[in-house]
Amino acid sequence: MQLSERISRISVSSTLAVVQKAAQLRASGVSLVDFGAGEPDFPTPDNIKKAAIEAIHQNFTKYTPTSGTKELKEAIVERHAKDFGSNYKIEECLVTVGGKQAIFEAAAAVINHGDEVILPVPYWVSYLDIVNYAGGKVVPLTTREADDFQVRASDVEKLITPKTRLIIVNSPNNPTGAVIPDEEMEKLLALAKSRNVLLMTDECYCQFLYDGRKPFSLGHSGDRDHLIITGSLSKTYAMTGWRVGFALGAKNLLSNMLNLQSHSTSNPTSISQKAAVEALRGPQDSVRTMLAEYQRRRDKIVAGLRAIPGITCANPAGAFYVYPNVGAYLKKNGTANCQALVDRLLEEAHVAVVPGPGFGTEEHVRLSYATSTENIEEGLQRMKKFFVEM
Ligand SMILES: Cc1ncc(COP(=O)(O)O)c(C=O)c1O
């Protein structure tokens, strides 16, 4: 079968590849500690599930407006206003099938062939493939582990050329958990304005901030011309399978993204939309409970990883990932590279982690600590034994 040039620009996500390998091992009876999957281990809160069941009983099971129901768009802009002081109108809100669709559609709507897109490294795997698919060229912005993977507007500025169309930032970051300070975010928007480029802020993990940090969004700025926000209910409300995300931004941009949506998925699932309204308008204490638990787990996993000789690990300020440096163990005992190390860790120690190269760095692995404390303790023990004996 002859395939298009366009489709050959994307490849399978390294995160999904690990999930598949881990599933095969588990199916063969192996007791696995899985740090691979990037999704909450908590169930979707009951009030949200009840709203979905009610939606089915009410026969709310047909097409909705492609851009999402008015009720859900109102709930999204209200929650965003409450949490971040923004003032989006419902025409400036598009409901999407997960945050991923919002990112995909925004990229498709603004990137022309050969346009440059500045992307801090390490990055979430899908940005790279989405930009490539849209015909753009990723311009990587290196960040340093010793500097807690900080993104600085002054470094971004050095990469701006006449071809720059878009800057993508994700704070808290997947895979590092790094958080861009509020003042630096303001500087990034000021830079985007002054150089007339678009800034995309992916707020997927915006509610998961540790050590008392307050959630922040550039949405409060009122800027529509240089800012597109993408958001998701997947992680905040443990709703990964429900597939609800959104975009907030200029009406004209969103209406073009909507055109693409109207010819691909149409509306997000009607039932999920009712559940999402309850998630956003109902009690928020489940979010706080999850956050407190993630912070306890972060403390445990960072301490455990740092206790393994040779491993260094930046302290994540948000999200639920750690990104330790395993460089000291690469090329040891015939281990060719990071992928080979991850394969050995899976096959010999039965611990699943995601290799760094998919996120743009050669010497790290990503662990998701959205898993039980028992799993974290067991996984740390197995890793310590594996690395010490390597
Ligand atoms: C940084 C980031 N953005 C966006 C998403 C998309 O999430 P969803 O499509 O489930 O809303 C993810 C999912 O892992 C992510 O890690």
Side-chain angles (χ1 to χ4, degrees), residues 12-19 34-42 44 48 68 72 76 79-80 93-108 117 119-131 138 143 149 151 166-180 199-209 215 217 228-248 257 261 264-265 268-269 272-273 275-276 279-280 287 294 316-323 354 356 358-360 366-371:
V12 63
S13 132
S14 58
T15 327
L16 289 183
V18 169
V19 171
D34 190 354
F35 292 120
E39 64 176 345
D41 56 319
F42 299 98
T44 305
I48 301 174
L72 178 52
I76 291 170
R79 164 105 345 252
H80 208 268
C93 173
L94 172 65
V95 187
T96 54
V97 181
K100 204 177 249 187
Q101 188 178 33
I103 299 163
F104 188 94
E105 290 174 352
V117 177
L119 183 62
V121 182
Y123 44 74
W124 176 51
V125 284
S126 290
Y127 299 132
L128 185 75
D129 288 284
I130 288 173
V131 170
V138 164
T143 64
F149 300 105
V151 173
L166 183 66
I167 304 165
I168 302 179
V169 293
N170 165 222
S171 173
N173 174 275
N174 175 6
T176 64
V179 171
I180 303 175
L199 177 65
M200 185 196 287
T201 59
D202 178 353
E203 298 186 350
C204 185
Y205 299 94
C206 64
Q207 296 293 346
F208 296 138
L209 288 168
S217 168
I228 169 97
I229 291 174
T230 64
S232 170
L233 278 75
S234 289
K235 322 281 168 153
T236 310
Y237 300 104
M239 290 179 73
T240 45
W242 301 73
R243 311 307 303 132
V244 185
F246 56 89
L248 297 169
M257 290 164 61
Q261 187 160 314
S264 52
T265 59
T269 306
S272 295
Q273 290 191 62
L280 294 160
V287 183
Y294 288 143
F320 43 64
Y321 307 102
V322 265
Y323 203 55
V354 187
F359 306 105
R366 189 195 76 175
L367 283 78
S368 158
Y369 49 89
T371 183

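In each ligand, atom 1 is the first atom listed, and ligand 1 is the first ligand listed.
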Are any side-chain N or O atoms of Asp129 and backbone N or O atoms of Val131, one a donor and one an acceptor, separated by less than 3.5 Å?
no

Residue list, side-chain hydrogen bond (donor to acceptor under 3.5 Å, both in side chains) with Tyr369, at least two apart or on another chain:
Tyr210

Got Cys204 and Lys235 here, is their nearest side-chain heavy-atom distance under 4.5 Å?
yes

In chain-and-number order, ligand 1 lies under 4.0 Å from a heavy atom of each of Gly98, Gly99, Lys100, Ile103, Trp124, Tyr127, Asn170, Asn174, Asp202, Cys204, Tyr205, Ser232, Ser234, Lys235, Arg243

Got a donor-acceptor contact below 3.5 angstrom from the Gln207 side chain to the Pro215 backbone?
no

Do side-chain atoms of Arg79 reach the backbone of Leu280 as a donor and acceptor pair under 3.5 angstrom?
yes

Check: Asn173 and Tyr321 side chains under 4.5 Å, non-hydrogen atoms
no

